[in-house]
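Chain naming here is simple, since letters A, B, ... match the order of the sequence lines and numbering starts at 1 in each.
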Amino acid sequence: MKARVHISYKNGVLDPQGRAIGQTLGNLGFAGVGEVRQGKLIEIELAETDAGAARQAVEAMCQRLLANTVIENYSIELVD
Amino acid sequence: MKARVHISYKNGVLDPQGRAIGQTLGNLGFAGVGEVRQGKLIEIELAETDAGAARQAVEAMCQRLLANTVIENYSIELVD
Amino acid sequence: MSSREEQAVLRNEPNVTAETVAEHGLSEAEYRIILNLLGREPNLTELGIFSVMWSEHCSYKSSKIWLKTLPTEAAWVICGPGENAGVVDIGEGLAAIFKMESHNHPSFIEPYQGAATGVGGILRDVFTMGARPIANLNALRFGAPEDAKTRHLVAGVVAGIGGYGNCVGVPTVGGEVNFHAAYNGNILVNAMTVGLAEADKIFYSAAAGIGNPVVYVGSKTGRDGIHGATMASAEFDDDSEEKRPTVQVGDPFTEKLLIEACLELMATDAIVAIQDMGAAGLTCSSVEMADKGGVGIDLDIDAVPQREDGMTPYEVMLSESQERMLMVLRPGSEGTARAIFEKWQLDFAIVGRITETGRFTGRLDGEVVFDIPVRPLVEESPEYDRPWTAVEAPAELAPITAPMPHLEALQTLLGCPDLASRRWIWEQYDHMVMADTARRPGGDAALVRIHGSGRGLAIATDCTPRYCRAEPRRGGAQAVAEVWRNLTATGARPLAITDCLNFGNPERPEIMGQFVGCIQGMGEACAALDFPVVSGNVSLYNETNGQAILPTPAIGGIGLLDDLRRAADLALAAADEVLILIGGDDDGAGGHLGQSLYLRELLGREDGPPPAVDLAAERQNGDFVRGLIADGTVRTCHDLADGGLLVAAAEMALAGGIGAALDGPEGAGWWFGEDQGRYLLAAPPAVGEDILARAKAEGIAASAIGRTGGDALTLNGGAPISLATLRQAHEGWLPAYMSGP
Amino acid sequence: MKTSVIVFPGSNCDRDVKVALEQSTGGPVDMVWHGDSELPAADLIVLPGGFSYGDYLRCGAMAAHSPVMREVVARAEDGVPVLGICNGFQMLVETGLVPGALLPNAGLKFVCRDVHLRVETSQSLFTNGYESGQVLRIPVAHHDGQYFADGDTLERLQDGGQIAFRYTAGETPGPANPNGSTDDIAGVYNDRKTVLGLMPHPERAADPQHGGNDGRALFDGLVTALS
Ligand SMILES: Nc1ncnc2c1ncn2[C@@H]1O[C@H](COP(=O)(O)OP(=O)(O)O)[C@@H](O)[C@H]1O
Ligand SMILES: [Mg+2]
């Protein structure tokens, strides 16, 4: 089983990366570009085959390591 | 319309961040963790409403700026 | 104010209740003062403004009466405490501008961003005054290495400091790090910046010129960090997780642009006054500018660049979004200013005017949403003479028995958390950008060349918290003296200091006693060493569940070197030189072990009195050593501090890759005592004779204690310990610790 | 000899390299703002170190795609020598002026310290001030300096003599290769050897007060070759 964890800044937290990318796209002449946000996508291969147990484990990984819940949100998607 | 661009290292390019995350998860006592890869997820708000045109524009953004195709793959997903 | 406007003020926002007052950290007595000076109830925005302005962080209400006792003047001081940073004259038309500031609480909650934004904040304090920042330092205190959180905090804080400073392009050249269980729940992250400006082009914050535009530049305002200033003034408890969203994300790239844009504008004559937005953001910066200039400010809240929709005036006024500045411009120069900020792709907005009303007012859609008289807001802020009890002097230390041979003890000490090499840290900091770093980290003080000249600034930070806890007054004096000694050991002439006073809850008399004692000691040392305080910062309530940190008055000092080629270095440079100890011991008993690292690391004890601080001897010995360096007699010099004589000798040997044979009494006190005011010099034998003779003539204690050479250390001809073994202990600990689970 | 240093938002070694160039060329150095439409005539173009655009997407990526770089690429194709240091090297790989890519350091940390470099050949505009095989001591300061190229590219680089510098063992503490670069590669040329990208900072070792002077001969050598 594989988990995809998407980590992004919480709403209201400044995202300087996203801002700079947006500005550069504008400088390069791309029109109609609104807000740009940059996040992380972490893909994890898991030996676990039970979806419930897998989600629980990945949830714990997010809380303990992957996300900093002070400023970041995360969402988990299980594949296969 | 919103585009989500997922950028990840090509196979064969070492992903030290992913490896370090995997190792730390192991140290923290998470069992059964296989390969871990870390990529970027860039979300872009677009004024464009036509899906075909939007995809074409984002494709160009990836080629010109968002991804370095020497080492990275990208995939584009349109939302709404 | 017309009655219609007053109605608007009152209609504006939810009612203020006893709970809202308490939530804002204001006491009932403080609220009564507010009612009095407004002559009515405040609305929520006004309450928020009072609460941040009267927080400990902004008003210094517990510390003010003591801070006033510190010496702040000298012939070379251009601007002492009260502005964004202190300014000293360094000759040739130049001034050094510097300050240190804490970012303790945010760094505990989010170590990377907390530390990063701490660096950003202190940089702004310095370039606000017209200086180009040329060096960053950081004084860090972490919990015990065994504590579950410590490793993660060290990793995050160091990465955050590097991440910000490296990107901004200001070298991080030095600092200090301690580990102690007293910081387990409350780490200290103190950041210092030094900048250079032309002495006749310093920018101040006093607003002037009725009708002049008030301009906002930098990043947009978001909802981040609201209540940051009150958080920094509140004790931690276990639900501090709840306060999390108040941590900000730093944007060093924008800061870099802001530095360049501000310096570019400062080269014109457009700026009347300028102030960075730090704690309490737009509120604090506006009020301070207005108060210093004796004028009013009227803000148009709609004009403030905002990152999010629907922000209330309360949020706009209290946001602590980073990388923002406020300035008052000369009329007619708006166009020039706008062009510069737009060139750097930064926000630029005229957000208000200077008024003659003496009031701080804000409008939304033309309606007045707050209206507070400036003077009372600043001057009637509470000021407390908090009760304090003097710390009881510790009992004398009974004689101790050495638990192991001295060279083994040395090996243990060199690899202990407080003495192990900090290479793992400073290699993550770009300490060479700007290409003026004349001495890499690892010496007594960092040396930074004054660009385009042969002169340099020496910079160091120091504090020994365990001394401060045992005897605050000595500890305060020792911290100042150690900085002075570290600067002197390079040959520099010490000029002035900044401080960052980190303590627990001042409402507890024993904590207030620590604070008072440290200030008294600092003041005595500053006066005796002609080493005034020109800027500083106070961080109180550093406690978790009632457990206070060690009293930690971190001191950052700067000194001037007229010729960098003459600077002394601690690395032994040649074999067959004599090692000369300058300075005597504390009480003639052969070395002071009370509160020493030897006692703590080898015997597991933290007791006894700290070493005495004889300021006259400190000055005499230091002036003597500086003279020897200045006239070219001495090139190799190290001051003695943590770990005493043997640790100092080993550090010199390791830095130079040359060993030494040392002679002296058997007792541990001689080798590991931490008596103050001492230096270790190395010189060719004939020069050594000359130094001893000159010392004798001046009545300074000096003795030859050994000879350099080989690749090991020996004591009194006993079995050697190789430099390789010592190096392994010294260099190995931190990387090994950090690679742990 | 006329040199231009391109200044991007976030460049922070622009002044450092200017000082080193002035010392060697004796002449003025044009500091060209990235937004200027005109690139002055130059015998050498330098892309300095720093964090252009914050390096927020990929190091050097946003700078590489800025308008001024189109002109720099055109000049390089005409044979004007281009030197990219650190962030400048990252821009060069992003534009494709030199092959390969630069990944985050294998240790995942910023690294600032002296390293030792072997000069692979003295036969270039940039290295004629050195001997082939000479070992230099020069600082690095970067977070993303791990040179990567696929097998074919590496072979081409090797065969074409396009590897300029390799990390090599010396007396400084820490591993010889500070970032995990493939084949210890610290700097590479384009196929004509008119463009050089390198991670170490020769401008930080160009004056005895820097604690090392091994970088100076690179700038002096350029003057010899170009004037
Ligand atoms: N946090 C830090 N950042 C950068 N350099 C540091 C840090 N902590 C310590 N150092 C450097 O390590 C060296 C030793 O520090 P320290 O033991 O505090 O010196 P001293 O005993 O002379 O005051 C100094 O050069 C100091 O600048
Ligand atoms: Mg010292």
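Your options are D/C13, D/A20, D/G54, and the one with the most heavy-atom pairs under 4.5 Å with chain C is D/G54.
Of the two parts of C/V170, neither the backbone nor the side chain holds a non-hydrogen atom closer than 4.5 Å to a non-hydrogen atom of chain D. Contacts of C/A438 with chain D are made by both backbone and side-chain atoms, with heavy-atom separations under 4.5 Å. For chain C, the nearby part of D/V19 is the side chain; its heavy atoms alone come within less than 4.5 Å.
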Polar pairs (donor with acceptor) under 3.5 Å from chain D to chain C:
{"unit_1": "D/N12", "atom_1": "ND2", "unit_2": "C/N166", "atom_2": "O", "d": "3.2"}
{"unit_1": "D/N12", "atom_1": "ND2", "unit_2": "C/C167", "atom_2": "O", "d": "3.2"}
{"unit_1": "D/R15", "atom_1": "NH2", "unit_2": "C/M434", "atom_2": "O", "d": "3.3"}
{"unit_1": "D/R15", "atom_1": "NH2", "unit_2": "C/D436", "atom_2": "OD2", "d": "3.1"}
{"unit_1": "D/R15", "atom_1": "NH2", "unit_2": "C/H451", "atom_2": "ND1", "d": "3.3"}
{"unit_1": "D/D16", "atom_1": "OD2", "unit_2": "C/M434", "atom_2": "N", "d": "3.0"}
{"unit_1": "D/Y56", "atom_1": "OH", "unit_2": "C/D251", "atom_2": "OD1", "d": "2.6"}
{"unit_1": "D/Y56", "atom_1": "OH", "unit_2": "C/F253", "atom_2": "N", "d": "3.4"}
{"unit_1": "D/C112", "atom_1": "N", "unit_2": "C/E427", "atom_2": "O", "d": "2.7"}
{"unit_1": "D/D114", "atom_1": "OD1", "unit_2": "C/R440", "atom_2": "NH1", "d": "3.3"}
{"unit_1": "D/D114", "atom_1": "OD1", "unit_2": "C/R440", "atom_2": "NH2", "d": "3.4"}
{"unit_1": "D/D114", "atom_1": "OD2", "unit_2": "C/R440", "atom_2": "NH1", "d": "3.4"}
{"unit_1": "D/R204", "atom_1": "NH1", "unit_2": "C/D430", "atom_2": "OD1", "d": "2.8"}
{"unit_1": "D/R204", "atom_1": "NH1", "unit_2": "C/D430", "atom_2": "OD2", "d": "3.4"}
{"unit_1": "D/R204", "atom_1": "NH2", "unit_2": "C/D430", "atom_2": "OD2", "d": "2.9"}
{"unit_1": "D/D207", "atom_1": "OD2", "unit_2": "C/R449", "atom_2": "NH1", "d": "2.8"}
{"unit_1": "D/D207", "atom_1": "OD2", "unit_2": "C/R449", "atom_2": "NH2", "d": "3.4"}
{"unit_1": "D/H210", "atom_1": "O", "unit_2": "C/R440", "atom_2": "NH2", "d": "3.3"}
{"unit_1": "D/H210", "atom_1": "NE2", "unit_2": "C/A435", "atom_2": "O", "d": "3.0"}

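D/E71 is linked by a salt bridge (Lys or Arg N to Asp or Glu O under 4.0 Å) to D/R75, counting only residues two or more places apart in sequence or in another chain.
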